[in-house]
Amino acid sequence: MRIVRFSPLESAKLGTDPLYGILENSTITVLKGDPIYSGIVPTTVMVSESDVRLLAPVIPRSKVVCVGKNYADHAKEMNSNVPTEPIIFLKPN
């Protein structure tokens, strides 16, 4: 599943505000609100990828808090052990 943030073209008749959606093949199912705050709640509205302008996936926030190697397979991918304490780091604007 790919979550995208997009601005609909006028021909899509969805307004001008940036929206979020689930991209499958070349069709976007519009989501209700911002998935970071509202969760992934699909609507019944669908729009073609050709009727939108794709935007940066995340709007600027104050920061992104990350947890590294937070599951066994990820640690294994990195040829490392699962840490005994969380590895927490920030990605500021």
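In this chain, numbering begins with 1 at the start of the sequence shown. Only a predicted model underlies this, so the values are computations on that prediction, with no experimental measurement involved.
- The nearest pair of heavy atoms linking A56 to R5 is O-NH1, 2.8 Å.
- In terms of heavy-atom proximity, P8 sits nearest to G15 at CG-O, 3.6 Å.
- The two residues G68 and P83 come nearest to each other via the heavy atoms O-CG, 4.5 Å.
- A donor-acceptor pair under 3.5 Å is formed between the side chain of D34 and the backbone N or O of I36.
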Tell me which donor-acceptor pairs under 3.5 Å the side chains of residues 42-55 have, and how far apart each pair is, sequence neighbours excluded?
unit_1	atom_1	unit_2	atom_2	d
T43	OG1	V30	O	2.8
T43	OG1	V45	N	3.2
S48	OG	S50	N	3.3
S48	OG	S50	OG	2.9

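- Qualifying side-chain hydrogen bond (donor to acceptor under 3.5 Å, both in side chains) partners for S80, counting only residues two or more places apart in sequence or in other chains: K69.
- In this structure, CG on D17 lies 8.0 Å from OG on S7, to the nearest 0.5 angstrom.
- L14 and I3 sit in two unconnected hydrophobic clusters of ILVMFWY residues. Membership requires side-chain heavy atoms under 4.5 Å apart, directly or through other members.
- Residues forming a ring pair (Phe, Tyr, Trp, His ring centres under 6.0 Å) with Y71 (at least two apart in sequence, or on another chain): H74.
- Crowding of E77 atom CD: a count of heavy atoms from other residues, nucleotides or ligands under 6.0 Å exceeding 12.
- Under a hydrophobic clustering in which Ile, Leu, Val, Met, Phe, Trp and Tyr are joined whenever their side-chain heavy atoms come within less than 4.5 Å, directly or via other members, F6 and L9 fall into different clusters.
- Note: T27 OG1 to I22 CD1 = 12.0 Å, rounded to the nearest 0.5 Å.
- Atom CG of L31 is separated from atom CD1 of I40 by 7.0 Å, given to the nearest 0.5 angstrom.
- Take K91 and apply the side-chain contact (heavy atoms from CB on, under 4.5 Å) test, not counting sequence neighbours, and it matches V64, C66, F89.
- Note: R2 CZ to N25 CG = 10.5 Å, rounded to the nearest 0.5 Å.
- Nearest heavy-atom pair, G33 versus Y20, reported as atom, atom and distance to 0.1 Å: O-CD1, 3.7 Å.
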